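In this chain, numbering begins with 1 at the start of the sequence shown. What's counted below: heavy atoms across the whole structure, side chains too, no hydrogens, waters or symmetry copies. Everything quoted here is computed from the prediction, not taken from an experiment.
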Amino acid sequence: MTSIYLSSDNPRWIPKTEADLQAAVDGGLFEESHHLDLKKAPNSKGDNKELARDLSSFAVDGGTLIIGVQENKESRTFELTPHPLNGLPEKIEQVARTIPDPPLTILTEEISAAADGTGYLIVHIPASPVAPHMVDNRYFGRGDKTKYQMGDAEVVTLHARRRNTEADTLSLLRKEMDEDPMRDVGTQSHLFLVAQPAAGRRDMCLPITGPQDWNMRLHSLVNRVQENQNLRAALANQGFSPDLSHAHQGHRRARGVALSSSSLKSDRTYVADGSWGEEDVIEVQLFEDGGLRLFMTRLSDGLSRRGADSEEEQVLFDAGAVILTRHMLELMRLLSDDVGYHGNWSVAVGANRLRGRRRYSGQSHFPSNHRYSADTYEESTGVTLAELRDAPGTVTRRLLGPLLRSLDSEELFTKALTDEG
């Protein structure tokens, strides 16, 4: 369960039962604050709009709504008022996804009160990487105890802060692209992904990277990604080579560890071994601070054009970019759960050697005529844990949408770029 910030004395409170809530009431621990609000369940369209404003206000810095604990205005105390839970989480999520602009992704947890189906709903609103959010063309923030409508200056400041974060992430991406260990090898396009916890400890992933069995632990995480049935369904059981399972050789690296194809050595130098497909390399790096890096060299491959004397053409595997991005987002989710990190991530995707290349269209007699007009691609976004759990398709669209639209292929990946059941 996700912890709740009550005060500096109780920064990580985790209620699990009605008794825990009652103890907080009796102890006077509840107080509406910048990070906490107590509400009744919405019963009307007007209530839904008010709830959307509350959710949007918390999305700036993160916070929690508890539905089923209300304030007694006369005594200025709080009391438990359990609500029917049937359909309530879905209703709250629907409000979050349909009224604020852009939509919000939230986390909900139920606490049962009795056998009659009543209880309490804990609604966690992570700090949104795309805040502020609008409701009815107005932006809302959270003050010390209540929400307020933001002024233009504060909105501009938040947008500037977001752009600065994205710029920092793109700098990390460009560093990886500049340090491409196979920049002078072959002609294939290369794919890069960087992910960095926005507020993680410097030793966040040391329980994975530190022990002697780190190789087994990292392989176990990759296997869990590969075996996720929901992810397979979202990708329509499409495969791609090389995928994460082809990164089978373990290496200790500066401030972290890595899994890679056999031709990429521990110092990240490439050594050809004469085998078929030796240039098809994949590497996953995990750093002690939680940073993740993906490097994959087969974003394109050479195919012969029709005709015996035709030249080989490098074509782009946009499906590979989609599949590996979804896999890396799932790896981020698993890491977050395993090390107890509930904060946001900064993510960027990049590719090189793209100019003049078009997407692979299989055995079609009508290959795409849309050739990419730039040599590189870069895109970044912030991601919440709630999005990693419930909206990885939406995140993938933010990262790859501009590339896929340029190749005229976004509609081909609708299932992987959305999050419908």
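A salt bridge links E179 with K175; the closest basic N to acidic carboxylate O contact falls under 4.0 Å. Look at R253 and E288 and you find no salt bridge, because none of the NZ, NE, NH1 or NH2 atoms lies under 4.0 Å from a carboxylate O. A salt bridge is defined here as a Lys NZ or Arg NE, NH1 or NH2 lying under 4.0 Å from an Asp or Glu carboxylate O, and D289 with R202 fails to meet this definition. K147 has a carboxylate O that lies under 4.0 Å from a charged side-chain N of E50, or vice versa, which qualifies the two as a salt bridge. Salt bridge R398/E379: absent, no basic N to carboxylate O contact under 4.0 Å. Under a 4.0 Å N-O distance rule, the pair D338/R224 qualifies as a salt bridge. Using a 4.0 Å cut-off between charged side-chain N and carboxylate O, D37 and K145 make no salt bridge. A salt bridge is defined here as a Lys NZ or Arg NE, NH1 or NH2 lying under 4.0 Å from an Asp or Glu carboxylate O, and R405 with E410 meets this definition. A salt bridge links D301 to R298: at least one charged side-chain nitrogen sits closer than 4.0 Å to a carboxylate oxygen. For R333 and D337, the salt-bridge test passes: some basic side-chain N is under 4.0 Å from an acidic carboxylate O.
Looking at H370 and S406, their side chains never bring a donor and an acceptor atom within 3.5 Å of each other. Judged by distance alone, the side chains of H219 and N223 never bring a donor and an acceptor atom under 3.5 Å apart. A donor atom on one side chain and an acceptor atom on the other are not found under 3.5 Å apart for W345 and T384. Inspection of the Q314 and T187 side chains reveals an N or O donor paired with an N or O acceptor under 3.5 Å.
Residue S260 forms a side-chain hydrogen bond (donor to acceptor under 3.5 Å, both in side chains) with just one option from E283, H251, Q249, and that option is H251.
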Check against side-chain hydrogen bond (donor to acceptor under 3.5 Å, both in side chains), T81 and Q70: CA-CA 7 Å; T81 55; Q70 288 184 244; 3.1 Å; yes
Test side-chain hydrogen bond (donor to acceptor under 3.5 Å, both in side chains) applied to E166 and S380, step by step: CA-CA 6 Å; E166 291 174 353; S380 67; 4.6 Å; no
Check against salt bridge (charged side-chain N to carboxylate O under 4.0 Å, His left out), R255 and D203: CA-CA 10 Å; R255 297 184 180 273; D203 62 350; over 6 Å; no
R353 vs D375, salt bridge (charged side-chain N to carboxylate O under 4.0 Å, His left out): CA-CA, chis, key distance, verdict: CA-CA 5 Å; R353 300 175 175 177; D375 197 51; over 6 Å; no
side-chain hydrogen bond (donor to acceptor under 3.5 Å, both in side chains) between Y139 and Q149, worked out: CA-CA 6 Å; Y139 291 104; Q149 183 178 337; over 6 Å; no
Derivation of the side-chain hydrogen bond (donor to acceptor under 3.5 Å, both in side chains) call for D26 and Q22: CA-CA 6 Å; D26 295 341; Q22 187 62 59; 2.9 Å; yes
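Side-chain rings of F140 and Y148 stay apart, their centers remaining 6.0 Å or farther from each other. If you look at F295 and H190, their ring centroids are closer than 6.0 Å.
Checking side-chain atoms of H159 against main-chain N and O of V156 turns up no donor-acceptor pair under 3.5 Å. Judged purely by atom type and a 3.5 angstrom limit, R358 has no side-chain atom pairing as donor or acceptor with the backbone of R371. The backbone N or O of L404 sits nowhere less than 3.5 Å from a side-chain atom of D318 that would complete a donor-acceptor pair. In this structure, the side chain of D280 does not engage the main chain of S241 through any donor-acceptor pair within 3.5 Å. Side-chain N or O atoms of T118 include none that pairs as donor or acceptor with a backbone N or O of P84 at under 3.5 Å. Judged purely by atom type and a 3.5 angstrom limit, H133 uses its side chain to pair as donor or acceptor with the backbone of P102. A donor-acceptor pair under 3.5 Å is formed between the side chain of N344 and the backbone N or O of A127. With hydrogens and angles disregarded, no donor-acceptor distance shorter than 3.5 Å links the side chain of R142 to the backbone of G63. Between the side chain of R217 and the main chain of P207, a donor-acceptor pair closer than 3.5 Å is present. Side-chain atoms of T325 come within 3.5 Å of backbone atoms of A321 as a donor-acceptor pair (strictly under, hydrogens ignored).
Distance check: L299 CG to Y377 OH gives 11.5 Å after rounding to the nearest 0.5 Å. Annotation: the span from Y120 atom OH to D20 atom CG amounts to 11.5 Å, rounded to 0.5 Å. Atom-to-atom distance recorded for R359:CZ and S300:OG is 14.0 Å, nearest 0.5 angstrom. The distance from atom CG of L172 to atom CG of L193, rounded to the nearest 0.5 Å, is 11.5 Å.
Contact annotation: the side chain of V225 approaches that of L231 to within less than 4.5 Å [non-hydrogen atoms, C-beta and beyond].
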